[in-house]
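Okay, so here's the structure we're looking at.
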Amino acid sequence: MQKSSKSKLYEIDKVANFRELLNRSANLYPNKVAFTYKLNPKSSEYITHTYTELKNDVKNLGTALIDLGLSRKRIAIIAPNRYEWCVSYLSVTTSRYDSCST
């Protein structure tokens, strides 16, 4: 991760990919809420996931995909916008071919 000081207001960290972004967010804001949503529109109960939970869910699904032999395969994600879609997308785009350690 590189620091950029072109901005006169503050320095910003540059991230090269989603893996770096996810790791950085989980390290900086481990217990902060990353996602808040309702299971259905009529529900009054909100479900939350922290950045640490998000990182763990992404890592676990990525590991499962690799264990299923799906590394280096094309994977399509067809679903409405929701937490599980985000986890799926990040798992596919950040999983390593040799291991899923982050």
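In the hydrophobic clustering of ILVMFWY residues, with side-chain heavy atoms under 4.5 Å counting as a link, Ile75 and Leu61 come out together. Residues Trp85 and Ile78 are members of separate hydrophobic clusters, defined by side-chain heavy-atom contacts under 4.5 angstrom among Ile, Leu, Val, Met, Phe, Trp and Tyr. Hydrophobic clustering keeps Leu28 apart from Val58 (ILVMFWY residues linked when any side-chain heavy atoms are closer than 4.5 Å, directly or through intermediates).
With values rounded to the nearest 0.5 angstrom, Asn23 atom CG is found 4.5 Å from Lys55 atom NZ. Note that CG of Leu70 is 9.5 Å distant from CD1 of Ile66, once rounded to the nearest 0.5 Å. Remark: Lys59 NZ to Leu54 CG distance equals 13.5 Å, nearest 0.5 Å. Leu90 contributes atom CG, which lies 8.5 Å from atom CD1 of Ile77 (distance to the nearest 0.5 angstrom). Note that OH of Tyr83 and OH of Tyr37 are 6.5 Å apart. Values are rounded to the nearest 0.5 Å.
At distances below 3.5 Å, at least one donor-acceptor pair connects side-chain atoms of Ser95 with backbone N or O atoms of Ser91. Formation of a donor-acceptor pair under 3.5 Å by the Thr52 side chain with backbone atoms of Pro30 is found in this model. Checking side-chain atoms of Glu20 against main-chain N and O of Asn17 turns up no donor-acceptor pair under 3.5 Å.
Atom CG of Asn81 has 12 or fewer neighbouring heavy atoms from other residues, nucleotides or ligands inside a 6.0 Å radius. By the neighbour-count criterion of 12 heavy atoms within 6.0 Å, atom OH of Tyr89 is sparsely surrounded, having that number or fewer from other residues, nucleotides or ligands. Surrounding NZ of Lys32 are at most 12 heavy atoms belonging to other residues, nucleotides or ligands under 6.0 Å away. Around atom CZ of Phe18, no more than 12 heavy atoms belonging to other residues, nucleotides or ligands sit under 6.0 Å away.
Closest non-hydrogen pair, Val33 versus Thr36, comes out as CG1-OG1, 3.2 Å. Annotation for Asp57 and His49: closest pair OD2-ND1, 4.3 Å, computed over non-hydrogen atoms. Considering every non-hydrogen atom in both Val92 and Leu65, the closest pair reads CG2-CD1, 3.9 Å.
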Checking Leu39 against Glu45 for the side-chain contact (heavy atoms from CB on, under 4.5 Å) test, could you report, in this order, the C-alpha distance in whole Å, the side-chain angles of both residues, the deciding distance, and whether it holds?
CA-CA 8 Å; Leu39 278 180; Glu45 180 183 352; over 6 Å; no
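Asn40 is listed as a side-chain neighbour of Ser43, based on a closest heavy-atom distance under 4.5 Å.
Judged purely by distance below 3.5 Å, without hydrogens or angles, the side chains of Asn27 and Tyr51 never pair a donor atom with an acceptor atom.
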